[in-house]
Student: 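Right, I'll just put the structure down here and ask away after.
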Amino acid sequence: MKLSYIIIPHKTKLGSTEKLLSKTIDDFYVEFGGCTHYSVTGICEGHTKGLPCEKIEVAVPSDEHDVFIMMAKDVAVEAGVKEIMVQAPDGQILFIPGVK
């Protein structure tokens with residue numbers, strides 16, 4: 001297993017992501033048997049003073065790498081963000097595109 005994570009902002013242009021965060025945590029729990037999540041602050045274009053986010057970490061079996069990436073893509077689109085940062089199971093940092 002390898003540690004992976006996704007960072008989701010608490011708010012986007014679509015509003016609060018509270019339901020999306022809860023759904024993502026539940027989905028990771030069901031798919032991977034559990035996860036750890038906690039609040040973090042992101043700095044990015046347009047948010048140089050800090051953007052409240054949630055980091056969700058999960059242990060991904062080696063044969064489920066693609067499952068994690070597909071789940072992250074769904075989150076990025078549903079959040080309505082330009083991109084979402086993840087650490088893939090292979091350790092690479094990726095910026096998964098959402099909406100433009």
Side-chain angles (χ1 to χ4, degrees):
M1 290 197 182
K2 300 282 185 163
L3 181 65
S4 299
Y5 65 77
I6 185 169
I7 298 177
I8 305 171
H10 287 175
K11 289 185 180 180
T12 69
K13 63 183 178 186
L14 300 177
S16 171
T17 60
E18 184 177 346
K19 288 181 183 176
L20 175 61
L21 287 168
S22 183
K23 179 183 180 306
T24 304
I25 290 164
D26 288 346
D27 289 350
F28 280 6
Y29 162 72
V30 169
E31 185 65 38
F32 303 112
C35 65
T36 301
H37 66 95
Y38 47 92
S39 294
V40 296
T41 300
I43 304 291
C44 60
E45 184 180 334
H47 299 282
T48 57
K49 293 186 181 184
L51 177 65
C53 300
E54 198 77 8
K55 182 176 185 180
I56 306 170
E57 298 178 332
V58 62
V60 177
S62 58
D63 63 342
E64 293 196 52
H65 176 276
D66 293 340
V67 172
F68 175 81
I69 297 300
M70 290 305 298
M71 292 173 80
K73 286 179 182 180
D74 290 344
V75 169
V77 170
E78 193 169 335
V81 295
K82 179 179 173 185
E83 57 191 13
I84 260 181
M85 183 178 156
V86 303
Q87 177 178 298
D90 63 6
Q92 288 189 359
I93 301 299
L94 305 172
F95 291 90
I96 304 290
V99 296
K100 297 186 184 218

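This chain uses plain numbering: 1 for the first residue, then up along the sequence.
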Student: Strictly distance-based, threshold 3.5 Å: is any side-chain N or O of S22 a donor or acceptor partner for the main-chain N or O of E18?
Tutor: no
Student: For the pair T12 (side chain) and A79 (backbone), establish whether a donor and an acceptor sit closer than 3.5 Å, ignoring hydrogens and angles.
Tutor: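 At least one qualifying donor-acceptor pair exists.
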Student: Which residues pass the salt bridge (charged side-chain N to carboxylate O under 4.0 Å, His left out) test with K11, not counting sequence neighbours?
Tutor: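 Once residues adjacent in sequence are excluded, K11 has no partner under the salt bridge (charged side-chain N to carboxylate O under 4.0 Å, His left out) criterion.
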Student: Output all residues satisfying side-chain contact (heavy atoms from CB on, under 4.5 Å) with D90, sequence neighbours left out; order by chain, then residue number.
Tutor: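 Partners of D90 under the side-chain contact (heavy atoms from CB on, under 4.5 Å) test: H65, A88, Q92.
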Student: Assigning hydrophobic clusters by single linkage (Ile, Leu, Val, Met, Phe, Trp, Tyr; side-chain heavy-atom cutoff under 4.5 Å), is I6 placed with V67?
Tutor: yes
Student: Who else is in the cluster with L51 when I, L, V, M, F, W and Y are joined by side-chain contacts under 4.5 Å?
Tutor: none
Student: Give the other cluster members for I43, using side-chain heavy-atom distances under 4.5 Å between Ile, Leu, Val, Met, Phe, Trp and Tyr residues; answer none if it is isolated.
Tutor: none
Student: Any chance you could pull the hydrophobic cluster mates of V30, using side-chain heavy atoms under 4.5 angstrom and chaining through other members?
Tutor: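 Besides V30, the cluster holds Y29.
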Student: Please find the pair of heavy atoms, one from L14 and one from G80, that lie closest to each other, and give the distance.
Tutor: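 For L14 and G80, the tightest heavy-atom pair comes out as CD1-CA, 3.7 Å.
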Student: Nearest 0.5 Å, please: how far is CD1 in I7 from CD in Q87?
Tutor: 9.5 Å
Student: Residues in side-chain contact (heavy atoms from CB on, under 4.5 Å) with F95, at least two apart?
Tutor: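 Expected list: E83, M85, I93.
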Student: How would you list, by chain and number, every residue that makes a side-chain contact (heavy atoms from CB on, under 4.5 Å) with K73, sequence neighbours excluded?
Tutor: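 side-chain contact (heavy atoms from CB on, under 4.5 Å) check on K73 returns I69, M70, I96.
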Student: Sequence neighbours excluded, which residues qualify as salt bridge (charged side-chain N to carboxylate O under 4.0 Å, His left out) partners of K2?
Tutor: none
Student: Check whether I8 and Y5 end up in the same hydrophobic cluster, where Ile, Leu, Val, Met, Phe, Trp and Tyr are linked by side-chain heavy atoms less than 4.5 Å apart.
Tutor: no
Student: Please identify each residue that fulfils salt bridge (charged side-chain N to carboxylate O under 4.0 Å, His left out) with D26, with sequence neighbours left out.
Tutor: none
Student: List the atom of P9, the atom of T17, and the distance in Å for their closest heavy-atom pair.
Tutor: O-OG1, 2.6 Å
Student: With side chains defined as the heavy atoms from C-beta onward, is the minimum distance between I25 and C35 less than 4.5 Å?
Tutor: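 Answer yes - side chains close enough.
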Student: Taking only residues two or more places apart in sequence or in another chain, which ones pass ring-ring contact (aromatic ring centres under 6.0 Å, His included) with F28?
Tutor: F32, F68
Student: Show every donor-acceptor pair shorter than 3.5 Å between a side-chain atom in residues 54-64 and any protein atom, with sequence neighbours excluded, or say none if there are none.
Tutor:
unit_1	atom_1	unit_2	atom_2	d
E54	OE1	H10	NE2	2.9
E54	OE1	S39	OG	3.4
E54	OE2	H37	ND1	2.8
E57	OE2	Y38	OH	2.8

Student: Which residues pass the side-chain hydrogen bond (donor to acceptor under 3.5 Å, both in side chains) test with D27, sequence neighbours left out?
Tutor: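 So D27 forms a side-chain hydrogen bond (donor to acceptor under 3.5 Å, both in side chains) with K23.
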